[in-house]
Amino acid sequence: MKLRIAALAAILSFAISNCTCTPPVGEAVQGIVEGTVIKGLVSGGAVTAFAVNEHGRRTEIVGNATTDESGAFSLSLGGHSGPTLVCATSGAYTEEATGGLVQLGVTELCALVDDHELGKTTSGLLVTPFTSFHAALSACFKEGGREATFSGASQRAALRLNDFFAAGTSGFNFRSTTVV
């Protein structure tokens with residue numbers, strides 16, 4: 001009996017020490033959000049993506065980027081999925097009325113990605129004063145109990161803002177309309 005246990009222990013020890021298998025785990029799934037910050041095209045702006053909890057509140061930072069000269073950015077969100085708030089601060093833009101360069105400073109412009117899918121790329125996100133209204137109103141609708149889910153609050157806010165800003169223009173969508 002002792003001989004069998006010793007033989008079994010020796011075989012297991014040999015098998016474990018010579019095992020070259022690794023778990024079947026690949027690269028981490030990465031998500032990306034691409035877009036443009038517009039209050040005029042904001043160059044050199046700091047863009048931060050936040051996870052959003054079920055109450056519509058921003059939580060941890062899930063990505064950072066800087067806008068290029070045309071206001072464009074690309075954020076890597078790592079393994080984050082779900083509602084995402086993308087906010088821009090600092091940077092500069094050309095003010096249309098005077099043509100002067102204006103610093104965005106601590107003023108924050110935000111846009112809400114209702115449900116970023118893990119490993120997917122969300123492109124064409126506009127971060128504007130319109131989308132900032134939407135993000136704030138969505139959180140108010142959820143927190144105020146007007147909607148049971150944050151997704152529902154976002155849809156309700158979008159409907160209300162489109163109705164208001166459209167002013168009779170059919171097909172208007174504040175999420176795809178640049179600020180002029």
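Predicted model, so just to flag it, every value in this text is computed and none were measured. In this chain, numbering begins with 1 at the start of the sequence shown.
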Inset, instruction - Give the C-alpha distance, both sets of side-chain angles, the deciding distance and a yes or no for side-chain contact (heavy atoms from CB on, under 4.5 Å) between V52 and F150. - result: CA-CA 9 Å; V52 176; F150 187 64; 3.8 Å; yes
Inset, instruction - With the side chain counted from C-beta on, respond yes when T94 and V102 share a heavy-atom pair under 4.5 Å apart, and no when they do not. - result: no
Legend entry - Chi angles and distances behind the side-chain contact (heavy atoms from CB on, under 4.5 Å) call for T89, V106: CA-CA 6 Å; T89 57; V106 296; 5.9 Å; no
Legend entry - Donor-acceptor under 3.5 Å (T128 side chain, F130 main chain): yes
Inset, instruction - Spell out, as yes or no, whether a donor-acceptor pair under 3.5 Å connects the side chain of S90 to the backbone of A46. - result: yes
Legend entry - Path from V86 to F133 over hydrophobic side-chain contacts below 4.5 Å: no
Inset, instruction - Would you kindly say whether N53 and T59 are connected by a side-chain donor-acceptor distance under 3.5 Å? - result: no
Inset, instruction - Please list all pairs passing the disulfide bond (SG atoms under 2.5 Å apart) test where one or both residues lie in residues 65-125, with sequence neighbours left out. - result: C87-C110
Legend entry - CD1 on I32 to OG on S74, rounded to 0.5 Å: 5.0 Å
Inset, instruction - Can you measure from CG (L109) to OG (S132) and round to the nearest 0.5 angstrom? - result: 4.5 Å
Inset, instruction - Please round to the nearest 0.5 Å and tell me the distance separating atom CG of L161 and atom CZ of F172. - result: 9.0 Å
Legend entry - Least distance between heavy atoms, T84 atom then A49 atom: CG2-CB, 4.1 Å
Inset, instruction - Indicate, with yes or no, if L137 and F164 share a hydrophobic cluster defined by side-chain heavy-atom contacts under 4.5 Å among Ile, Leu, Val, Met, Phe, Trp and Tyr. - result: yes
Inset, instruction - Output yes when a side-chain donor or acceptor of T67 lies under 3.5 Å from a complementary backbone atom of G44, and no otherwise. - result: yes
Legend entry - Between F174 and H134, ring centroids under 6.0 Å: yes
Legend entry - Straight-line distance of Y93 OH to I38 CD1, nearest 0.5 Å: 13.0 Å
Inset, instruction - Report yes or no: does E95 contribute a side-chain atom to a donor-acceptor pair with the main-chain N or O of T98 at less than 3.5 Å? - result: yes
Inset, instruction - Could you tell me the separation between the CG atom of D114 and the OG atom of S138, rounded to the nearest 0.5 Å? - result: 7.0 Å
Legend entry - Aromatic ring pairing H80/H116, orientation class (parallel under 30°, perpendicular over 60°, tilted between): parallel
Inset, instruction - Please report the closest heavy-atom contact between G152 and T149, naming both atoms and the distance. - result: N-OG1, 2.9 Å
Inset, instruction - Could you note down all residue pairs passing salt bridge (Lys or Arg N to Asp or Glu O under 4.0 Å) where residues 136-158 supplies at least one of them, sequence neighbours left out? - result: R57-E143, E147-R156
Inset, instruction - Can you measure from CG (L125) to CG (L75) and round to the nearest 0.5 angstrom? - result: 9.0 Å
Legend entry - With V37, the side chain to side chain contact (heavy atoms under 4.5 Å, CB included) member among T131, V42, L126: V42
Inset, instruction - Determine the minimum heavy-atom distance between G82 and D115, stating which atoms define it. - result: CA-OD1, 3.3 Å
Inset, instruction - Check whether more than 12 heavy atoms from other residues, nucleotides or ligands sit under 6.0 Å from atom CZ of F165, and answer yes or no. - result: yes
Legend entry - Residue E117 excluded, over 12 heavy atoms near CD under 6.0 Å: no
Inset, instruction - Go through the steps for E34 and K120 under the test salt bridge (Lys or Arg N to Asp or Glu O under 4.0 Å), then give the verdict. - result: CA-CA 11 Å; E34 299 172 336; K120 301 290 182 178; over 6 Å; no
Inset, instruction - Could you pull out the closest heavy-atom pair between A135 and L85, with the gap in Å? - result: CB-CD1, 3.7 Å
Inset, instruction - Could you check V47, V62, T121, L77 and say which one makes a side chain to side chain contact (heavy atoms under 4.5 Å, CB included) with V33? - result: L77
